[in-house]
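Here is the structure we will look at, set down as structure tokens.
No hydrogens, no waters, no symmetry mates; every other heavy atom, side chains included, goes into these values. In the text below, chain A, chain B and the rest are named by the order of the sequence lines, each starting its count at 1.
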2 protein chains.
Amino acid sequence: MAILGFLRDFPLHGYDLKNRVASLAGHVRPVADGTLYPTIRKLEDAQCLTRRTAPGSVAAPRHMLEITQTGTDQLRRWLRDPEPGFITDDNKWYVLLAFLHHLENPREQALVLARRREFLDKPAQLFFDEHGAPIPPERLESPFRKGLMQIHRSTNLTEIDWLDRETAELNRRAGFTVQQRSGG
Amino acid sequence: MAILGFLRDFPLHGYDLKNRVASLAGHVRPVADGTLYPTIRKLEDAQCLTRRTAPGSVAAPRHMLEITQTGTDQLRRWLRDPEPGFITDDNKWYVLLAFLHHLENPREQALVLARRREFLDKPAQLFFDEHGAPIPPERLESPFRKGLMQIHRSTNLTEIDWLDRETAELNRRAGFTVQQRSGG
DNA sequence: TCAAGATATATCGCCCCCGAGGTAAAGAAC
DNA sequence: GTTCTTTACCTCGGGGGCGATATATCTTGA
């Protein structure tokens, strides 16, 4: 998804893609060659992208990759009906978020709301005692566990805040569009 | 690591461990049965834990798992000299953090500092233009990418802040210990 | 009494991903 | 000129995690 997502912006070669994917994921280990190149090959076989060999600007020749119409459709399908993991798993969600603007408003909003629901369903309980009862941060003895819960809580609040503001913004814009349509 | 870490607190059975591991990771997909039980078996083979069958309090019989001395040593070794991924990868780091209090102070501090260094080495640049130049948030057209960078930045600041405060605290406590020793 | 559902444990094969290793070209260093 | 480093691409084997599936037990309710 990230490969096609980046190629929607402009053509790129594999090596560049590798760096962009690595940066996107924050400070997670970059994607391995053994993952990237076979995936590019698979996308090419599925006619999601085309390649043409260009002389390397610095060193070895590059394969410039361009997304096709099939690829654009595939990307949109992945974004539109993502696997559940892309809503629940933080890193996957962030990747999806990076390319979400390729969808139209109602669907964007639905996915943002789906992500928002995650935070309602699963309260941030990290630690439990022998009996399965949740331990609040102030009763934790380890300062690291305390910190972990603080970080977790703060991170969640930050994202929840953004999700709510974005939902409102999308709503406003949707209302405006309807207004325009019904007015025109 | 999480299995032995939780068993250091008190004996548990597999099903309970599964839920605790899932909760610890935040709202990430819970660990699969096909991962958990073979791992328990491997730890048992390595004499890191013992099991005794107990009648199920609610349903089927449980295998109560207890950590051994070998297991405690193994846990300490994993915490003390963790694979690099446990510093760089957010989720792995959080797991390590949950059990870090089983180490003694100088090593705790070293690992916290190692994590802190991650944020210095890799500035939070998520998106780049055709020429490889980083795009600042205000020049991003997608509100989702803007949000992504905001969330990323805020999350990083939260953790950096905690890491710095914790480093100071560990330092203070280490100094106090030295003070006590040289005074005694 | 029997079915359904929650609890609890276990195994197996598939797939995916990673690390390691290899190739190649261009520029820099010496 | 030869070697080193960086850029750039590719493949293969192994390992590990996951989903699917099976099994057993106890409670609940029709």
- Task: Starting from P on C:dG21, measure out to OH on A:Y37 and report it in whole angstrom.
- Result: 19 Å
- Message: Per the ring pair (Phe, Tyr, Trp, His ring centres under 6.0 Å) rule, what does the pair list look like for residues 88-113 of chain B, sequence neighbours excluded?
- Response: B:F6-B:F99
- Quick one: A:H63 NE2 to D:dA8 P, roughly how many Å, whole number? 12 Å
- Have a look at A:D73 and tell me which of A:R77, A:Q69, A:R76 forms a side chain to side chain donor-acceptor pair (under 3.5 Å) with it. A:Q69
- Message: For B:T35 and A:R51, find the nucleotide of DNA chain D closest to each by heavy atoms; which residue's nucleotide sits nearer the 5' end?
- Response: A:R51
- Task: Measure the distance from NZ on A:K42 to P on D:dC9 and round it to the nearest whole Å.
- Result: 19 Å
- Message: Strictly below 4.0 Å: does A:Y15 bring a side-chain N or O up to OP1 or OP2 of D:dC9?
- Response: no
- To the nearest angstrom, how far is A:D16 atom CG from D:dC9 atom C1'? 14 Å
- Taking atom C1' of D:dC12 as reference, at what distance in whole Å does atom CG of A:D33 sit? 13 Å
- Item | side-chain N/O B:H13 vs C:dT7 OP1/OP2, d < 4.0 Å | no
- Query: With a cut-off of under 6.0 Å to the ring centre and 45° to the axis, is A:R145 in cation-pi contact with A:F127?
  - Reply: yes
- Between atom CG in B:L36 and atom P in D:dG16, what is the gap in whole Å? 16 Å
- Message: On the nucleotide C:dA10, are OP1 or OP2 found under 4.0 Å from the side-chain N or O atoms that B:R41 carries?
- Response: yes
- Note on the structure: Between NZ of A:K18 and C1' of D:dT6 the distance, given in whole Å, is 12 Å
- Message: Check this for me: does any side-chain nitrogen of one of A:R115 and A:E118 sit under 4.0 Å from a carboxylate oxygen of the other?
- Response: no
- Item | Nearest-Å distance for atom pair CD/P, residues B:E83 and D:dG15 | 15 Å
